[in-house]
Protein chains: 4
Amino acid sequence: MNKRQIQKQFTRDKILDSAKQIFIEKGIINSATLQIAEKAGIAHGTLFLHFPNKDALVIGLLDIELLKFSDEIKQLIIETDEIDKLLNQYLNLIKKEEGFFSSLAREMPSYKSELRRKILFRESLIREHFHQVIEKGIRKGIYASVDIPSVLTFLFGTINYYLSLKSSFVHSGSVIEKFHDQTIEIFMKILKK
Amino acid sequence: MNKRQIQKQFTRDKILDSAKQIFIEKGIINSATLQIAEKAGIAHGTLFLHFPNKDALVIGLLDIELLKFSDEIKQLIIETDEIDKLLNQYLNLIKKEEGFFSSLAREMPSYKSELRRKILFRESLIREHFHQVIEKGIRKGIYASVDIPSVLTFLFGTINYYLSLKSSFVHSGSVIEKFHDQTIEIFMKILKK
Amino acid sequence: MNKRQIQKQFTRDKILDSAKQIFIEKGIINSATLQIAEKAGIAHGTLFLHFPNKDALVIGLLDIELLKFSDEIKQLIIETDEIDKLLNQYLNLIKKEEGFFSSLAREMPSYKSELRRKILFRESLIREHFHQVIEKGIRKGIYASVDIPSVLTFLFGTINYYLSLKSSFVHSGSVIEKFHDQTIEIFMKILKK
Amino acid sequence: MNKRQIQKQFTRDKILDSAKQIFIEKGIINSATLQIAEKAGIAHGTLFLHFPNKDALVIGLLDIELLKFSDEIKQLIIETDEIDKLLNQYLNLIKKEEGFFSSLAREMPSYKSELRRKILFRESLIREHFHQVIEKGIRKGIYASVDIPSVLTFLFGTINYYLSLKSSFVHSGSVIEKFHDQTIEIFMKILKK
DNA sequence: GATGAATGAGTGTTCATTCAT
DNA sequence: TATGAATGAACACTCATTCAT
C-alpha cells in the first residue's frame, strides 16, 4: 500500500470509528452523518466518498464487527463442544462489545429490511454453530431431544431483550454480566434430559 | 363533568384513537403529530393543548392500553392458577392487539428513558401476576423451585423478540400464533420439576 | 375572508411574487427555494406549507400566469378575426411579461415532463384560438389553404426562439418588440394566397 | 508533435468523446465531470488538466462539433445553389447528430453567456452560407426580395424549437425527419415570389 | 378551548474544483 | 503529466413546537 492508499484507509477507519462511537451513544437513527464526519475530523462530503450513503456506512460497520465476531465464535466452537462453555464464551464476547451490540439490538427492528436481513444473516451463522453443538449433544444422549430452532430463538430472544433494554436493566456496567449466570442456568435446564 | 369537560375528554379520546392507529401503522418515530391531528379531525395545535409534547401523547396512550391490558390479565389470574393456561390466555390477549404491541416492542428501545420506564412499569405489573401464580405453584410442589424473575425475563424477552421482529418472522398473519405452542412448551419445561 | 385567511393568501402571494422575480432573474433550475423564501421574508419551511414541493410552486405560478394570459387572449379573439391584428396583440401581451415568458421558454425543455406537459397544454389552448381564426380566414377565402398546424408550429417555434435567446438578441429592452414587425410580416406572407 | 504531445492529444480526445456521449444522454447540466472522466478511463483530476473547468470542456466540444458541421455545410454550398436542396441536406446533417443537437438546443438557453455566444457564433457561420445562397437567388430573380435575416431567424428558430422539445414531439425516432417536408415547404413559400 | 400559519434547525446527498502524491 | 482523495457550499424537504387570532 502506497502513502495514498494508507491515507484513504486511515480516513475510512476514522469514519467507521466515529460512526461506531456515535451509533452506540445515540443509536443509528438519531446519528447524523454530519456529526460522524465532524467527529472523524473530515468534511461532510468526504464521508459519502467512502460510503455511498448512510445505509452503506451502517452495513460496512456491521460487516466488520459481525465478521470479527463470527470468526471468534468459530474459534470457540473448535475449542469446545459443551454448550454451557460455548454459551459462557459467547456471552463474554458480546460483553466485550456490549455498547455496540446493545445499540444494534435496540434499533434493528427499525432498520430498513435489507439492513435487517444482513444482520439476521450474520446472526444465523452464529445460530448455526450453536445448532451443531446441540445436535451433537442430543445424538450423544447428553441433552434432551428438543426442537433446536425453538430453543435457540428462546435463547437469542432473551439475550436480545437484555441488550436492547440495557439502560433499563443496569445504570452502568454490563447487562450481559448481570444476567450471565441465570441465562446459562435456565438454558441448560431447557436442554436437560 | 360539565359539558365543556365532556367535550374536552372527547377530543382527547379522538387524539388517542388516531395516535394508536397511526403508531401501529408507521411506528411512533415515523408518525408525525400533524398526521395524528388530521386523522382525529382536529387542528394540529389542539393536539398540544391536550398533550404538552409528543412524548406525553405516547405515554398517555400507553397508560390506557397497558392498564386495560393489565386489567384483563388480572381477570385471567382470578380464573386460573395453572401457568400454562394463563400463558395461553396471555398470548391470546397480545395477539388481539398484536399490531400495537409489535410497534411498541419494535420502538421501545429508542424511546426516551421516562417513556421506557413507564412501559416497563406497566409490564412489571403483569410480571407480578405471573410471579404470584408461579410462586403458588412452587409452594404447592407443582413447579420446580426456579428463580422466578430470571425465568420471567426469559419468557418476556422471547415474546418481545418475536414481536419486535415480527416482519422478519412472518410476512403476514400473527407471529404470536406461529410461536404460540413452542413458547408454552419450552416455558413449561423450564418450570418442570 | 377572515384575517387569517387574508394573511395566508398574502404569504402565498409573497411567495409567488418572489418566485416569479427570482425565476426570471436566474431561471427556475438555478433558483433555490431558500432564496425565494428569503426574498419573500418568510421562513424556508413556510414555503413548503404553501406548496408541497418546488415543482408545485412552479406549476402554481404557471397556472396563474398562463391562465391570466389565456383569458386575455380569449378576449382578443372576440374582438378581432383578422390574424395580423390578433398576432399583433398577442405579441404585445407577451411583451408585457417578457421576462417571465423568456425564462419559461429558456428552461421549458429541461423541465420534468409533467411540468412541460402542463405548459404545452396551456400553449395548445392559445394555438387553438389561432387555429380557429385562420380556419375561418381560409374558409372566407382570405388566406391560402395552408396546413394550419405546421404553420402555427413555425410561428410559435420562432417566438419561442426569440424568447429563449432573448439575452443574445438584445442587451436590454424587448426582443419581442425588436422582431415584432418582421414576425408579423413573414407570417402573413405564409398565409398569403 | 513529439510523443508526449501525441499522448496529451489522445487523452484530450478521449475526454471529448466521453463528454459528447454523456451530454447527449443526460444533458450538459446533469452530466458530472466525474462520470465523464470515468467513461474516458482517466482520473477525475486529469480532466481539469486538459480543461480548466467544465464550461471550457463544453466549449471545446462544441468548437469541434460545430466546426465539423460548418465544414460539411460549406461543402454542400459548393455543390448546390438551390435553397430547397441545401435545406434538405442541412436537415439531413442535423438528423445524423440529432441527439447532440437536441441536447444542445434544449440546454443552450441555460448556458453562461460566453458559452452561448460561442454557439451562436458558430450558428451564424452556417446562417451566412444560407444568406449567400438566398441572396444569389434573389439577385437571379428566383426568390422574392425578403429580409433575409428575419427569414432565417424564422427558419432556425423553428428548427431549434423542434430540437429542443424533441421528446414532446416524438416518442422515439427523429423530430427532424417528422417535420422535414413541412419545414421545407413553408420555408419555400416564404421565399416564393 | 380551538385553530392553523409560521418557524427554523435539521436531514442525507451531490459535485465542480483543488492539491498533495 | 497524471492521479484520486478531500473539500464544502449548496440543495430540497421534514416536523415538533409556538402563538396570534
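The basis for the numbers below is simple: all heavy atoms, side chains too, and nothing from hydrogens, waters or symmetry mates. Order of the sequence lines sets the chain letters (A, B, ...), proteins ahead of strands, with each chain counted from 1.
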Quiz item: Will you find, in the side chains of B/Asp13 and B/Gln9, an N or O donor that is under 3.5 Å from an N or O acceptor?
Solution: yes

Quiz prompt | Closest non-hydrogen atom pair, A/Thr33 against A/Lys54 | solution = CG2-CG, 3.9 Å

Quiz prompt | D/His50 side-chain N/O to F/dA2 phosphate OP1/OP2 under 4.0 Å | solution = yes

Quiz item: Can you tell me which stems DNA chain F forms when a stem means 3 or more consecutive Watson-Crick or G-U pairs under 3.5 Å?
Solution: E:2-21 with F:2-21

Self-check item: Closest heavy-atom pair and its distance - B/Phe51, B/Ala56
Solution: CD2-O, 3.8 Å

Practice problem: Output yes when at least one side-chain N/O atom of C/Gln9 is less than 4.0 Å from OP1 or OP2 of E/dA5, else no. | Solution: no

Quiz item: Starting at the 5' end of DNA chain E, which residue's closest nucleotide do you reach first, C/Arg12 or B/Gly41?
Solution: B/Gly41

Practice problem: Measure across D/His44 and D/Leu34 and return the closest heavy-atom pair with its distance rounded to 0.1 Å. | Solution: NE2-N, 3.3 Å

Quiz item: Tell me: CZ of D/Phe10 to P of F/dT1, nearest whole Å?
Solution: 17 Å

Quiz item: With side chains defined as the heavy atoms from C-beta onward, is the minimum distance between A/Leu61 and A/Phe100 less than 4.5 Å?
Solution: yes

Self-check item: Where protein sits on nucleotides 14-21 of chain E, one letter per nucleotide: B base, S sugar-phosphate only, - none, heavy atoms under 4.0 Å
Solution: B-BBB-BB

Quiz item: Could you give the CD-to-P distance, from A/Gln35 to E/dT11, as a whole number of Å?
Solution: 8 Å

Quiz item: Atom CG of D/Leu47 and atom C1' of F/dA2: how far apart are they, to the nearest Å?
Solution: 12 Å

Quiz prompt | Atom of B/Ile42, atom of B/Leu47 and distance for their closest heavy-atom approach | solution = CD1-N, 3.8 Å

